[in-house]
Amino acid sequence: AGWFRRLLHKPKPSSVESSLNAGCSASSSPSSSSSSAESSTSSPGMSLARSVRPSPVSVSDISASGSARWAKSYDVCICHSEVDLELVEELVSYLEGQPESFRCFLQLRDAVAGRAVVTELCDAVQNSHCWVMLITPDFLQDPWCKYQMHQALAEAPMANGRTIPVLKDVDRKDYPKELRNLYYIYMALKENSFRQIRDTVMRYLQELCRSSTSRTE
């Protein structure tokens with residue numbers, strides 16, 4: 001009987017304690033967590049953090065008339081041996097058929113008749129944003145391919161995504177030592193390799209346009 005009377009006369013928690021307990025239970029509930037997250041993401045600090053992140057560059061931005069892309073005549077120059085021309089023509093057809101309509105320099109198609117080979121190769125490198133090196137056994141034996149490779153490396157010593165080595169039927173031990181500081185694409189499945197080349201060129205053009213825009217702002 002005594003314990004029952006004490007239970008009936010036990011004081012109720014104060015309003016402060018009630019509010020604290022309510023706050024603790026609310027903070028541990030999933031609905032409160034989500035609403036708290038929503039309110040934090042809408043705060044000025046978080047909005048600023050999102051605004052300083054680089055925004056993606058769309059195809060329309062890259063293709064715009066004022067884009068840095070048009071500072072050079074070609075988006076990509078394909079360096080290859082004559083033996084691999086059929087494969088290169090497929091690659092060029094793939095790149096030029098993309099929504100971005102990449103502009104490719106293909107030596108046997110775009111070189112000016114009557115001009116010196118050295119001049120044409122140098123101009124192709126200087127007037128292209130990216131250079132694809134299709135490294136095959138015949139590439140390694142072709143002095144003009146090696147010359148163009150050295151010109152590309154001299155144009156952009158730190159690479160920065162501009163030189164894109166693509167290995168086909170070449171062992172890793174035969175990979176040119178001049179390119180060993182660069183990751184390469186190994187051509188096993190042609191379709192996958194073509195897509196990788198396209199994505200690499202696109203990434204460089206996006207970075208180019210983004211950096212150009214930030215300089216003008």
Side-chain angles (χ1 to χ4, degrees), residues 59 62 69 72-208:
V59 174
I62 291 174
R69 175 186 183 185
K72 293 184 180 291
S73 302
Y74 300 98
D75 297 315
V76 56
C77 172
I78 315 292
C79 180
H80 64 96
S81 76
E82 291 187 17
V83 177
D84 301 311
L85 178 60
E86 183 176 347
L87 175 61
V88 172
E89 286 178 332
E90 289 185 55
L91 172 60
V92 168
S93 177
Y94 171 84
L95 292 175
E96 293 181 341
Q98 294 300 300
E100 301 81 15
S101 300
F102 293 114
R103 301 162 301 154
C104 300
F105 178 87
L106 182 60
Q107 183 180 345
L108 293 181
R109 180 192 68 183
D110 300 316
V112 178
R115 293 192 72 191
V117 175
V118 173
T119 303
E120 284 295 287
L121 294 182
C122 289
D123 284 353
V125 168
Q126 293 172 357
N127 291 317
S128 299
H129 287 295
C130 299
W131 314 294
V132 171
M133 305 288 164
L134 182 59
I135 302 170
T136 65
D138 294 292
F139 178 101
L140 298 175
Q141 301 300 319
D142 191 327
W144 289 116
C145 289
K146 290 187 176 181
Y147 177 82
Q148 198 167 23
M149 177 183 70
H150 290 144
Q151 289 299 312
L153 292 174
E155 184 78 13
M158 300 306 292
N160 194 31
R162 297 187 67 183
T163 302
I164 308 170
V166 181
L167 268 64
K168 185 178 186 300
D169 302 329
V170 171
D171 292 332
R172 184 171 180 176
K173 64 180 177 61
D174 297 322
Y175 184 49
K177 64 181 185 298
E178 298 93 334
L179 301 174
R180 288 187 180 174
N181 65 321
L182 304 178
Y183 284 111
Y184 58 82
I185 296 171
Y186 190 84
M187 186 174 287
L189 294 175
K190 183 169 57 179
E191 292 78 8
N192 290 345
S193 300
F194 283 8
R195 186 169 59 252
Q196 284 181 280
I197 295 169
R198 178 260 175 200
D199 291 346
T200 305
V201 175
M202 185 66 176
R203 188 179 301 115
Y204 177 78
L205 292 177
Q206 287 176 323
E207 292 175 356
L208 177 70

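These values consider heavy atoms only, across backbone and side chains, with no hydrogens, waters or symmetry-generated copies. Everything numeric here is computed off the predicted structure, so don't read it as measured data.
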Within a radius of less than 6.0 Å around CZ of Arg172, do more than 12 heavy atoms belonging to other residues, nucleotides or ligands occur? no
For the pair Asp171 (side chain) and Lys173 (backbone), establish whether a donor and an acceptor sit closer than 3.5 Å, ignoring hydrogens and angles. no
So, for Ile135 and Pro165, which heavy atoms are closest and what is the spacing to 0.1 Å? CD1-CB, 4.1 Å
Closest non-hydrogen atoms of Phe139 and Leu134, given as atom of the first, atom of the second and distance, are CD1-O, 3.2 Å
Euclidean distance, Gln141 CD relative to Asp138 CG, rounded to 0.5 Å: 8.0 Å
Begin from the C-alpha positions of Asp169 and Thr136 and carry the test side chain to side chain contact (heavy atoms under 4.5 Å, CB included) through to its verdict. CA-CA 6 Å; Asp169 302 329; Thr136 65; 5.8 Å; no
Arg69 side-chain N/O to Asp75 backbone N/O, donor-acceptor pair under 3.5 Å: no
If you compare all heavy atoms of Ala111 against all heavy atoms of Glu120, which two are closest, and at what distance to 0.1 Å? CA-OE1, 3.0 Å
Test item: Tyr147 and Cys122 side chains (from C-beta on) under 4.5 Å apart, heavy atoms: yes
Side chains of Arg198 and Glu100, heavy atoms from C-beta outward: is any pair under 4.5 Å? yes
If I take atom OG from residue Ser193 and atom OH from residue Tyr94, how far apart are they, to the nearest 0.5 angstrom? 10.5 Å
To the closest 0.5 Å, what do you measure between CD1 (Ile78) and CE (Met133)? 9.5 Å
Rounded distance [0.5 Å steps], SG in Cys77 versus CG in Leu121: 8.0 Å
Do you know the tightest heavy-atom contact between Val170 and Leu167? O-CD2, 4.1 Å
Is there a side chain to side chain contact (heavy atoms under 4.5 Å, CB included) between Phe102 and Leu205 once you walk through the steps? CA-CA 10 Å; Phe102 293 114; Leu205 292 177; 3.8 Å; yes
For Lys72, I'd like to know if atom NZ has over 12 heavy atoms of other residues, nucleotides or ligands within 6.0 Å. yes
Show, in sequence, the C-alpha distance, side-chain angles and deciding distance for Glu155 and Trp131, and conclude whether the side chain to side chain contact (heavy atoms under 4.5 Å, CB included) test is met. CA-CA 11 Å; Glu155 184 78 13; Trp131 314 294; 3.6 Å; yes
Check the pair Arg109 / Glu89 against salt bridge (Lys or Arg N to Asp or Glu O under 4.0 Å), numbers first and verdict last. CA-CA 10 Å; Arg109 180 192 68 183; Glu89 286 178 332; over 6 Å; no
Nearest 0.5 Å, what's the CD1-CZ distance between Ile197 and Arg195? 11.5 Å
Once side chain to side chain contact (heavy atoms under 4.5 Å, CB included) is applied, do any residues pair with Thr119, and if so which ones, sequence neighbours excluded? Arg115, Ala116, Asp123
Where is the tightest heavy-atom contact between Trp144 and Asp142, given as atom of each residue plus distance? N-OD1, 2.9 Å
Set out, in order, the CA-CA distance, both residues' side-chain angles and the distance that settles side chain to side chain contact (heavy atoms under 4.5 Å, CB included) for Val92 and Val76, then state yes or no. CA-CA 9 Å; Val92 168; Val76 56; over 6 Å; no
In a table with atom names and distances, give each donor-acceptor pair under 3.5 Å that connects a side chain of residues 183-190 to protein atoms at least two apart or in another chain.
unit_1: Lys190; atom_1: NZ; unit_2: Glu90; atom_2: OE1; d: 2.6
unit_1: Lys190; atom_1: NZ; unit_2: Glu90; atom_2: OE2; d: 3.4

Tightest non-hydrogen contact, residues Arg162 and His129, listed as NE-O, 2.7 Å
Point-to-point distance, once rounded to the nearest 0.5 Å, from CG of Leu182 to OG1 of Thr163: 6.0 Å
